[in-house]
Structures are given as C-alpha cells and as structure tokens.
Number of protein chains: 2
Amino acid sequence: MTTRGIVTLRGESELVRRAGALLDGARREFLCAAGGPETWSAAVRNIRRRPVPGLSVRKLYGPGVFDEAGGPELLARLAEADVEIRISPAPPAHEAIVVDRRFAVLAAPRSAAGEPRTYSIVQQPDVVAGVRALFETVWETATDLATYCRAPFPHLDEAERAVLRSLAAGHTDETASRLLGVSLRTYRRRVAALMTALGARSRFQAGLRAREILGRHPDA
Amino acid sequence: MTTRGIVTLRGESELVRRAGALLDGARREFLCAAGGPETWSAAVRNIRRRPVPGLSVRKLYGPGVFDEAGGPELLARLAEADVEIRISPAPPAHEAIVVDRRFAVLAAPRSAAGEPRTYSIVQQPDVVAGVRALFETVWETATDLATYCRAPFPHLDEAERAVLRSLAAGHTDETASRLLGVSLRTYRRRVAALMTALGARSRFQAGLRAREILGRHPDA
DNA sequence: GTCGTCATGGCACCAAGCTGCCATCCGTTG
DNA sequence: CAACGGATGGCAGCTTGGTGCCATGACGAC
C-alpha cells in the first residue's frame, strides 16, 4: 500500500498562480469538462493561449453554454483555435480538467458567497486514468459542436414531450392521436412542429435528435 | 493549500481486506461503473450482499456484459436485488466506484500477467464529487437495462451502417438508394432489416436506437 | 452440368405520413 | 357587442414508406 497526495488550492487566483504553469505545460492532450463558459474565469482561460503543435484540446460543455453571456463568443474563439468541442445534454455538475494523462484538476461546487472555490489537483495515475476514462465515455455520447449548431437542443414544452413519447413508444399516428385525445390532424401537426423544432428532415432524424435532447429516457 | 492522501492497494485481495468494510458500509448511495462482469472478482462482488434499506445502488456497464461468461446471470441477480442497471455504448475503460459521496475507488488498467492490479481510494471531497459528477453524466445518457433487454445493441456490418448513415443524413429513400448505388427496393429491404435488427417499430424508434448504438456520431 | 440458396431489382399495391384548405371554437382585446 | 389570433379538427390529395410477388444473376455444393 502506498499513499500519494492531492493538492487543494483555494480560489482561482491561487489556481492560476500555482497550477498555471502546469496547465500551460500541456503537450499532448488537454481535456476539459464544464457546464458553461463562466466556469473558469478569464484568468484561467487565458493560460494556454499559445497553440502547441501536436496538442489535442477537447472541451465538453452542457447545452447551457449558449445561453450564458459570452458563451457563443467563447465557442467561436475555441473552434477557430482547433479545439474540439462537444455538447452533452447532461452537463457535468463539476468542472474537470485532465492534462496529458498526467494530472487532473477537479473543481469543488461553487461555494457560498465570499468563500473562495477550491480546486484539487491529483497526479496519482489510477485516479487520473479513472477520471479520464469517464471523460472519454461522456465524450463518446456527446454531440459535436458543428452538429449542435445546425440544430441546438430546443426547449420543449409538455405537449411536445408528450408527442415525443408517443413517437418513442412506436405507436402509429392513428393510435398515438387517440391516446393523446387529439385528432389525427392535430397530432400530425404537432409532429410536424416538433420536427421543425428539432431541425429534422425525417422521423428517423427526429429520433436521433430526440435522444440527444432527452438523454436516453424520453419515457421519464 | 492543503494536501490529502490517496491510498493505493495492490491486488484485489488487499482491496477486499482493507476496503471491504468501507464498501460494505455504504448507507445511501453506491455507484459502480465497469466494462463487464469480470471487473470485480467474486471476492469483491460478494461484499455488499446484504440489502441495506435506503441504499440506492446503481451499476453502469458496457454492452460487453452480455457477451462475457456469467454476465447475464450477474445482471439477473442484481436486477432482483433492486440494483439500477444501465448500459452505455461506450463503456468506461477503467472501473470506478463511488460510495455515499464520501470516497471513490478507481481501478488501474489490467496489468501485465502476474502483476497485481492496483486500486486507488480517494476521499478528498472535490475529487470524489468530480468523479461522481462524471458518473452521473454518463448515467444520464446510458440505457436502462430493461430497455436494453428488449432490444440489445446488435452488431451491425458495414452495409447496415451505411444505411444508417443515409437515414441519419435525412435523405429520402429515393436519393439514399441512388447515393448507395442500389435500387430503391433493395434500399428499403435493408432499412426493413435494420429496423428488425434494432427492434424498432417505426423509423423514429430506429433513430432513437441508432443513437444509442453508435454513440452520437453515426457519420463517423 | 444441375441444383439450391441468396442478394438484387422491377412492379404493383396498400398503408402511413404529410400538408393545404377551410370551418369551428375558444379566449382576449377593443 | 364585434374583431382578432390561435389552436383544433375534418377532408382531400399527394408523397413517402413498406412489402408481397416474381424474375434474374452470382456463387457454392453436389
């Protein structure tokens, strides 16, 4: 049995001061998961500005990035800088960074007002590998930014979700409309509206997009 | 800045001996991510046998569980024991356990023959929360076992994936068949076969299922 | 060679889905 | 009250999808 340490830093300023060089030293891989653009303040975001040849940078966001101030701008800048970006319907609640499979930075939840947020840096190989593996798994099921931009996750109201559930259940329009207690015509109108909202040209595409939006549990 | 430790154990026997009681002490939540059933040997799996009232147990596997020996049996046993199970198309490459939001166990990759595998136990709150958040994100996009059992991810050959891509692209059957260089009749036949393989009753359902199987990148 | 099997493609027909048009029934506004 | 916008439902007609039937051609087994 061996023991190795975790370094916990208090506040972003300390993070930048003490880990900035570390983050900036990424050579092969830089993975970052966050809910929105505000996650790492400008100070943190500004480290790692210079492009590094051979460095693969991947950022994972929630659908909220676009809603927050500065989100679209940030994404545009990142996309230009050869950063791979994907959107996950369920954003990670805590931010995480993994660099070169060597270390991981994990952010604590936003703390009470005034209290500085803490950031923990791990170097232990099993832990870094474990965090990285989870990141990869989420990455695999997330949507590429370009795809997302073509048709961002729309906000669906309850009626629209009901239609979606009917479709997911595999009913014909006939039975689905009866189950929902509306006419066939209305049901079809709603399906059409839904497909427009999803930016889908076929019901198959609508199915694809629906799964992205709802996660895998449209019946929930 | 503070430092807190990680405990690394060598081999499952040491894990069971030293962390068995810890794992067994789960009171509220027990999360486990693994590629297949062989992940934790019988010794590890046997701890935590007694049902604990109020304890929520969630297990996340890859599609490989069913292929490995003992997989279906294990799942059947777990399902009976009120364990929530979901299947992710991209299984986590490293196993992870999070207990009561208090600590996480992360397994190293399978080591060379003879070498005991190592397991690292973390208690630092930020790290545990970070690992847990990533688990949750994967969980959200994974498929419930019951759903999966109704139609497990089939193995698709290249022709079938080509059809799938066409559908995902939103082409009509007419254009899709031309693009694939086959007749309309043949294309439709293939779509029908695909839907059967996917266990889908409508193209919408096929879309849902397709996304589950391919992750979110059918075009790749 | 002759089978049998299998994937293909053409044809036809039916079922399902899509949508334009119009009438109706709200609830709101003036 | 009338006027309006918005959601609804019925109808009709067109497009798309789904499938049974049969003919053809490729391939391997016999």
Side-chain angles (χ1 to χ4, degrees), chain A residues 147 150-214 216-219, chain B residues 147 150-214 216-219:
Chain A
T147 307
R150 261 180 267 131
F153 305 157
H155 308 293
L156 304 178
D157 63 25
E158 187 38 43
E160 290 174 303
R161 284 173 189 260
V163 173
L164 227 142
R165 281 193 296 271
S166 300
L167 287 169
H171 299 306
T172 63
D173 291 10
E174 232 282 305
T175 54
S177 63
R178 255 188 293 113
L179 290 174
L180 292 181
V182 299
S183 77
L184 182 62
R185 183 67 186 87
T186 300
Y187 179 76
R188 293 227 168 113
R189 223 194 303 265
R190 290 190 183 169
V191 172
L194 190 63
M195 304 233 311
T196 305
L198 294 173
R201 285 190 302 188
S202 66
R203 290 202 178 191
F204 184 90
Q205 274 193 325
L208 292 178
R209 301 275 313 147
R211 194 57 109 199
E212 291 180 3
I213 292 166
L214 300 181
R216 311 245 160 136
H217 309 279
D219 15 272
Chain B
T147 308
R150 259 180 268 133
F153 305 157
H155 306 295
L156 304 178
D157 62 26
E158 187 38 42
E160 289 175 302
R161 283 172 187 263
V163 173
L164 226 140
R165 280 193 296 272
S166 300
L167 287 169
H171 300 306
T172 64
D173 291 10
E174 233 281 307
T175 54
S177 63
R178 253 187 295 114
L179 290 173
L180 290 181
V182 300
S183 76
L184 181 62
R185 182 69 188 89
T186 300
Y187 180 75
R188 292 219 170 123
R189 223 196 302 265
R190 289 187 184 171
V191 172
L194 190 62
M195 304 235 309
T196 304
L198 294 174
R201 284 191 303 188
S202 66
R203 289 202 180 190
F204 184 91
Q205 276 194 325
L208 291 178
R209 301 275 313 147
R211 196 57 109 198
E212 291 182 1
I213 293 167
L214 299 182
R216 312 242 160 138
H217 308 280
D219 15 271

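Convention: sequence-line order gives letters A, B, ...; per-chain numbering from 1.
- In this structure, B:Val182 reaches the sugar-phosphate backbone alone: every heavy-atom distance under 4.0 Å involves primed, P, OP1 or OP2 atoms, never a base.
- Residue A:Arg201 contributes atom CZ, which lies 16 Å from atom C1' of D:dT15 at whole-angstrom precision.
- Put simply, CZ on B:Arg188 is 13 Å from C1' on C:dG10, counting in whole angstrom units.
- Both B:Ser202 and B:Gly181 lie close to DNA chain C; mapped to their nearest nucleotides by heavy-atom distance, the more 5′-ward contact belongs to B:Gly181.
- Counting distance only, with no hydrogens placed and no angle test, the side-chain atoms of A:Arg185 and the base atoms of C:dG20 include a donor-acceptor pair under 3.5 Å.
- Residue A:Asp173 holds its CG atom at 7.0 Å from CG of A:Leu167, rounded to the nearest 0.5 Å.
- A:Arg189 CZ to A:Ser177 OG: the interatomic distance, rounded to the nearest 0.5 Å, is 13.0 Å.
- Separation of atoms CZ (A:Arg211) and CZ (B:Arg209) is listed at 7.5 Å; rounding is to 0.5 Å.
- Contact annotation: side chain of B:Arg203 to base of D:dG17, donor-acceptor pair absent below 3.5 Å.
- Between A:Glu174 atom CD and D:dG10 atom C1' the separation is 14 Å, expressed in whole Å.
- Rounded to an integer number of Å, the gap from CG of B:Leu180 to P of C:dG9 is 11 Å.
- One can place CG of B:Leu184 at 15 Å from P of D:dT15, the figure rounded to the nearest angstrom.
- One interatomic measurement links the two molecules: CZ of A:Arg190 to C1' of D:dG9, which rounds to 12 Å at whole-angstrom precision.
- Between A:Thr186 and D:dG9 there is a side-chain N or O to OP1 or OP2 distance below 4.0 Å.
- At a cut-off of 3.5 angstrom, the base of D:dG20 holds no donor-acceptor pair with the side chain of B:Arg189.
- Per the geometry, CE belonging to B:Met195 stands 12 Å off C1' belonging to C:dA16, to the nearest Å.
- For the atom pair CG (A:Leu164) and CZ (B:Phe204), the distance works out to 4.5 Å, reported to the nearest 0.5 Å.
- Of the inter-residue distances, the one linking A:Leu179 atom CG with A:Arg165 atom CZ reads 12.0 Å to the nearest 0.5 angstrom.
- Rounding to whole angstrom units, CG of residue A:Leu167 and C1' of C:dC18 are separated by 14 Å.
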